[in-house]
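Below, chains carry the letters A, B, ... as their sequence lines are ordered, and counting in each starts from 1. The figures here come from the full heavy-atom set of this structure, side chains too, leaving out hydrogens, waters and symmetry mates.
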Amino acid sequence: MKSKITTWNVNSLKVRLPQALDWLRQQQPDILALQETKLPDPDFPTLDIANAGYQSCFAGQKTYNGVAILSRLPASDLVTDLPGLDDPQRRVLGATIGGVRVLNLYIPNGQAVGSDKYAYKLAWLERLIAWVARECAAHPRLVMLGDFNIAPEDRDVHDPVAWAGQVLCSEPERAAFRRLQDLGLKDAFRLFPQQDRSFTQWDYRAAAFRRNLGLRIDHILVSPTLAAACTACWIDPAPRRLERPSDHAPVIAELNLDLN
DNA sequence: ATGGTGGCGCGGCCA
């Protein structure tokens, strides 16, 4: 039985709810991890999502950040914080669904190298790596996905020269991504041949999407056990073409796996 | 053009 595990930074679930519901109907994923929901938990559209056939779990806040997981099967063992980091920003949602440990992340953007937000991002990544190491040890079937705000390699950047050393591409950020890979996690997208200039995010400005001036910063990382079951991984650019789109496109991993 | 667009929410922050 094939399963679809997916991620999408929707940049406001309130605005993008109709698009998200359409996308669920079209793609029929088993799991959809959302980032930048920008909703307080009492405002989460649980009922609309239930009517589409999905359960919801979420960790949200007003105006900024916010993560959620929509799934066919119920979620248990929820985690909403990095252990040891007292952080009001809602960027983490861990859950166990159908025997798979799912870590949904909205990693800090970092704004600019050298800024306070960049320092926060690097400290956050340190805490993340320590936590994920323990999660990987405890859960052979693990997927870590979301908006990483890291373009892992130059081929993930439309203009690597212009972006060299900039936030999202800097060496400390890329080193953190490699440390996640050193835990055994595989970048599902790179398990398969892909077109050159494949991206998941395009700035709203300067007609960046039309010109394909994007970055690949949304990722699905899978444990060795799940990598062996992964049969495909692709980016769906269709939602980025809609009117009033998110600046991000969804990413889909298909696995030869029974969730139960 | 040291800008541009979009979300939140109504001034300024964040991406």
| query | Do A:Thr6 and A:Gln27 have side-chain atoms, one donor and one acceptor, less than 3.5 Å apart? | reply | no
| said: Ignoring hydrogens, what is the shortest heavy-atom contact between A:Cys169 and A:Trp163? Give both atom names and the distance. | reply: CB-O, 3.6 Å
| When rounded to the nearest Å, what value does the distance between P atoms of B:dG3 and B:dG9 take? | 26 Å
| Protein-to-nucleotide contact annotation, 5' to 3' order, nucleotides 2-15 of chain B [B base; S sugar-phosphate only; - none; under 4.0 Å, heavy atom] | --BBSSSS---BSS
| field | Side-chain donor-acceptor pair present, A:Thr225, A:Arg141, cut-off under 3.5 Å | value | no
| said: Which label fits A:Trp202 and A:Phe209: parallel for a plane angle under 30°, tilted from 30 to 60°, or perpendicular past 60°? | reply: perpendicular
| task | For B:dA1 and B:dG11, measure between their P atoms and round to the nearest Å. | result | 33 Å
| said: Testing A:Arg174, A:Arg197, A:Arg190 one by one against A:Asp156 for a salt bridge (charged side-chain N to carboxylate O under 4.0 Å, His left out), which residue passes? | reply: A:Arg190
| Do A:Glu173 and A:Ser170 meet the criterion of a side-chain donor-acceptor pair at a distance under 3.5 Å? | yes
| C1' atoms of B:dC14 and B:dG4, separation to the nearest Å | 16 Å
| request: Sticking with atom C1', work out how far B:dC8 lies from B:dT2, rounded to a whole angstrom. | output: 26 Å
